[in-house]
Number of protein chains: 2
Amino acid sequence: MKIIITGVGLIGGSFARDLRNLFPQAGILGMDLNPDHLERSVKLGVIDGEAGPEDVAMADLVIIAIPVDAAIKVVPEILEKVKDECLVIDTGSTKFRLCESLKDHSKRRNFLAAHPIAGTEYSGPEAAVTHLYQNKTLIICEVEKTAFKLQERAFEIFRQLGMRIRYMDTRAHDKHIAYVSHLSHISSFMLGKTVLEKEKNERDIFDMAGSGFASTVRLAKSSPAMWTPIFKENRENVLETLTEYIANLSHFQQLLEQNNFEEIYGEMERTNYIKTILKGIN
Amino acid sequence: MKIIITGVGLIGGSFARDLRNLFPQAGILGMDLNPDHLERSVKLGVIDGEAGPEDVAMADLVIIAIPVDAAIKVVPEILEKVKDECLVIDTGSTKFRLCESLKDHSKRRNFLAAHPIAGTEYSGPEAAVTHLYQNKTLIICEVEKTAFKLQERAFEIFRQLGMRIRYMDTRAHDKHIAYVSHLSHISSFMLGKTVLEKEKNERDIFDMAGSGFASTVRLAKSSPAMWTPIFKENRENVLETLTEYIANLSHFQQLLEQNNFEEIYGEMERTNYIKTILKGIN
């Protein structure tokens with residue numbers, strides 16, 4: 001089996017590591033705009049080497065794990081080149097515009113739109129780990145547009161990686177993921193910014209920071225190269241969530257200004273319900 | 001040695017557990033408005049029983065770990081009753097108003113204002129754990145107002161619990177802690193609220209939530225009974241941080257509306273500097 005990983009960072013590299021364990025005989029090659037990433041991935045044993053154009057034509061499986069705006073350019077080009085039996089899986093965090101752009105592609109049936117709800121705040125080849133996808137949710141969009149035999153191959157791989165599969169249409173995916181993922185990143189980045197700005201004038205403020213702050217601001221370590229395209233691609237849904245978030249914060253601010261502590265208590269008590277929901281998330 | 005823990009929840013109970021290991025011969029009694037908390041704490045072995053008024057007069061050490069507004073009422077009453085050699089330590093998350101209210105108290109020298117930067121999102125007697133304070137920062141305010149011999153006793157205990165001590169004046173404490181702790185809680189509660197509101201209409205949204213969401217929203221599990229008084233006591237500082245946070249979020253929203261992705265990238269890249277700072281926080 002010949003596997004190509006396009007984008008050898010956290011997501012692509014972690015797939016490479018698991019696929020190597022799953023298919024020890026497979027050749028795993030990488031593609032990346034950054035030659036340094038390719039070199040480091042080879043050194044780390046994540047991939048065997050760089051894939052050239054001729055390798056794409058021979059590949060049985062291509063995993064796309066590049067920024068979402070780049071995927072819109074790269075996926076159709078790769079689909080052009082692959083053989084009829086090749087399965088091309090995209091793993092990006094937005095799905096609507098990519099799937100729209102592929103809907104009339106002659107090789108649409110070779111393509112599977114997937115989004116693993118997995119990752120860390122780290123990036124690059126060194127961030128790639130085995131078992132990243134174990135017990136994680138994988139959202140698949142427009143499954144009916146992928147050739148049945150290729151669906152079967154994909155599901156078998158995902159099953160062996162330990163993933164739970166959920167099906168969703170692309171619009172619902174992009175809308176919902178804005179709430180449970182994209183908004184968290186903005187909330188975290190802007191919290192980090194607010195405190196860093198303060199720290200310029202007030203030294204040693206971070207000596208007072210504990211695990212609560214670390215947890216809330218963790219996502220502010222995320223890669224701007226990955227996240228700028230996500231906010232671009234999912235701009236309208238993200239704006240909607242952000243508007244609601246700011247409205248809720250402003251309401252809390254008003255309650256504080258009005259000394260309405262009974263209602264502040266109520267707001268927190270009702271939100272405590274999140275405990276029930278978080279139990280299911282690891 | 002006779003120890004009294006006033007408020008047998010996460011903070012007080014965790015002190016009780018560590019003090020029991022440190023002073024196996026000590027009697028540890030509890031006070032709590034909630035009789036059920038006392039009963040559960042005895043069953044868990046956190047305390048030996050309930051403290052009556054006569055026990056306060058005999059105590060060598062009193063740890064105050066109750067909501068910050070309650071502390072303002074309770075601390076002066078306890079100080080009235082304790083003997084001259086007794087050390088009374090408050091552990092609350094705001095310090096200015098409490099210390100102001102005690103400044104002319106005849107037993108001010110028996111009091112030490114401390115704030116351990118430690119905790120979890122859980123509360124109640126079951127949340128109490130050993131070693132909660134190990135390698136954590138303890139902020140002490142107005143140290144010079146505590147009797148030197150009692151300072152010495154306190155420092156020896158904190159040293160044995162493994163804490164790093166920092167000194168700060170009460171105004172600076174309350175201002176800075178608003179940034180690195182209180183704001184994180186509001187950010188997290190309102191994020192939880194925003195997503196819960198959405199979920200009412202969009203079922204199964206949480207199936208899409210991963211560890212990033214869980215991390216950012218973790219503090220929304222915190223106790224409203226503990227946090228409402230903190231926001232009340234530290235209202236002005238919290239309002240200042242919240243205003244800056246909302247301004248930063250609104251600026252990000254504007255950048256998105258203007259499609260200024262270059263600047264969005266810049267905002268995130270500059271905030272990535274938080275990585276350097278978070279390295280020091282466990």
Side-chain angles (χ1 to χ4, degrees), chain A residues 117-118 137 139 166 176-177 179-181 184 186-196 198 202 205-210 212-221 224 227-228 231-232 235 239 242 244-246 248-250 252-253 256 261 264-265 268-269 271-275 277-278 281, chain B residues 117-118 137 139 166 176-177 179-181 184 186-196 198 202 205-210 212-221 224 227-228 231-232 235 239 242 244-246 248-250 252-253 256 261 264-265 268-269 271-275 277-278 281:
Chain A
I117 310 295
T137 299
I139 299 164
R166 294 287 178 274
H176 294 181
I177 205 72
Y179 280 89
V180 291
S181 166
S184 286
I186 298 175
S187 131
S188 202
F189 267 111
M190 290 303 103
L191 180 67
K193 183 187 174 187
T194 306
V195 181
L196 281 172
K198 192 68 192 168
E202 313 277 355
I205 193 170
F206 289 107
D207 241 16
M208 302 176 73
F213 179 71
S215 168
T216 330
V217 89
R218 178 169 73 87
L219 298 179
K221 299 194 255 177
W227 280 93
T228 306
F231 296 138
K232 194 172 172 182
R235 178 175 169 273
L239 273 172
L242 189 51
E244 289 170 23
Y245 183 51
I246 292 172
N248 282 329
L249 287 163
S250 300
F252 193 96
Q253 185 185 33
L256 256 179
F261 294 103
I264 283 176
Y265 186 100
M268 291 194 280
E269 197 182 31
T271 307
N272 273 171
Y273 176 68
I274 204 92
K275 284 180 200 176
I277 285 145
L278 288 178
I281 306 171
Chain B
I117 310 295
T137 299
I139 298 163
R166 294 287 179 273
H176 294 182
I177 205 71
Y179 280 89
V180 291
S181 165
S184 286
I186 298 175
S187 132
S188 202
F189 267 111
M190 291 303 103
L191 181 67
K193 183 186 174 187
T194 306
V195 180
L196 282 171
K198 193 68 192 169
E202 312 278 354
I205 193 171
F206 289 107
D207 241 16
M208 301 176 74
F213 179 70
S215 169
T216 331
V217 90
R218 179 169 73 86
L219 299 179
K221 299 193 255 177
W227 281 94
T228 306
F231 295 138
K232 195 173 172 182
R235 178 175 170 272
L239 273 173
L242 189 51
E244 288 171 22
Y245 184 50
I246 293 172
N248 282 329
L249 287 162
S250 299
F252 193 96
Q253 185 185 33
L256 255 179
F261 294 102
I264 284 176
Y265 186 100
M268 292 193 280
E269 198 182 31
T271 307
N272 272 173
Y273 176 68
I274 204 90
K275 285 181 200 176
I277 284 145
L278 289 177
I281 306 170

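Reminder, nothing fancy here: chain letters follow the sequence lines and each chain counts from 1. Predicted, not measured: the structure shown is a model, and the values here were computed from it.
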(message) Would you say that A:Arg218 contacts B:Thr216 through its side chain, given a criterion of any heavy-atom pair below 4.5 Å between the two side chains?
(response) no
(request) Could you tell me which non-hydrogen atom of A:Ala220 sits nearest to which non-hydrogen atom of B:Asn272, and how far apart they are? (result) O-ND2, 2.9 Å
(request) Mind listing the closest non-hydrogen atom pair of A:Thr228 and B:Met268 along with its distance? (result) OG1-CE, 3.2 Å
(request) Under 4.5 Å, counting heavy-atom pairs only, tell me which of B:Ile177, B:Val195, B:Leu191 racks up the most with chain A. (result) B:Leu191
(request) Please check if the side chain of A:Tyr245 supplies one atom and the backbone of B:Ser187 the other of a donor-acceptor pair under 3.5 Å. (result) yes
(request) Name the member of B:Arg166, B:Lys193, B:Glu244 that forms the most heavy-atom pairs with chain A at distances under 4.5 Å. (result) B:Lys193
(message) Less than 6.0 angstrom separating the ring centers of A:Phe252 and B:Phe189, yes or no?
(response) no
(request) Over all heavy atoms of both residues, which pair between A:Lys275 and B:Lys221 is shortest? Give the atoms and the distance, please. (result) CE-O, 3.2 Å
(message) I'd like to know whether B:Leu196 forms a side-chain contact (heavy atoms from CB on, under 4.5 Å) with A:Ile277, so could you lay out the CA-CA distance, the side-chain angles of the two residues, the decisive distance to 0.1 Å, and finally the verdict.
(response) CA-CA 10 Å; B:Leu196 282 171; A:Ile277 285 145; 3.4 Å; yes
(request) Of all the heavy-atom pairs spanning B:Leu278 and A:Ala214, show the shortest one and how long it is. (result) CD2-CA, 3.8 Å
(request) Looking only at non-hydrogen atoms, find the nearest pair between B:Arg235 and A:Leu256 and report the distance. (result) NE-O, 2.7 Å
(message) Just so I understand: if I count every heavy-atom pair under 4.5 Å between each of B:Ile246, B:Asn248, B:Ile117 and chain A, which residue has the most?
(response) B:Asn248
(message) Any donor-acceptor pair under 3.5 Å linking the side-chain atoms of A:Thr137 with those of B:Asp207?
(response) no
(request) Side chain from CB out, backbone as N, CA, C, O: work out which of these in B:Ile186 comes under 4.5 Å of a heavy atom of chain A, or both, or neither. (result) both
(message) I'd like to know which of A:Leu239, A:Val217, A:Leu219 tops the heavy-atom pair count under 4.5 Å against chain B.
(response) A:Leu239
(message) Taking atom NZ as the centre, does A:Lys232 end up with more than 12 heavy-atom neighbours from other residues, nucleotides or ligands that are less than 6.0 angstrom away?
(response) no
(message) If I measure from the heavy atoms of chain B, does A:Leu249 come under 4.5 Å with its side chain, its backbone, both, or neither?
(response) both
(message) If you count every heavy atom of other residues, nucleotides or ligands that lies below 6.0 Å from A:Phe261 atom CZ, does the total exceed 12?
(response) yes
(request) State, to 0.1 Å, how close B:Ser184 and A:Phe213 come at their nearest heavy-atom pair, and which atoms those are. (result) OG-CD1, 3.4 Å
(request) Can you tell which part of B:Ile139 gets under 4.5 Å to a heavy atom of chain A, answering side chain, backbone, both or neither? (result) side chain
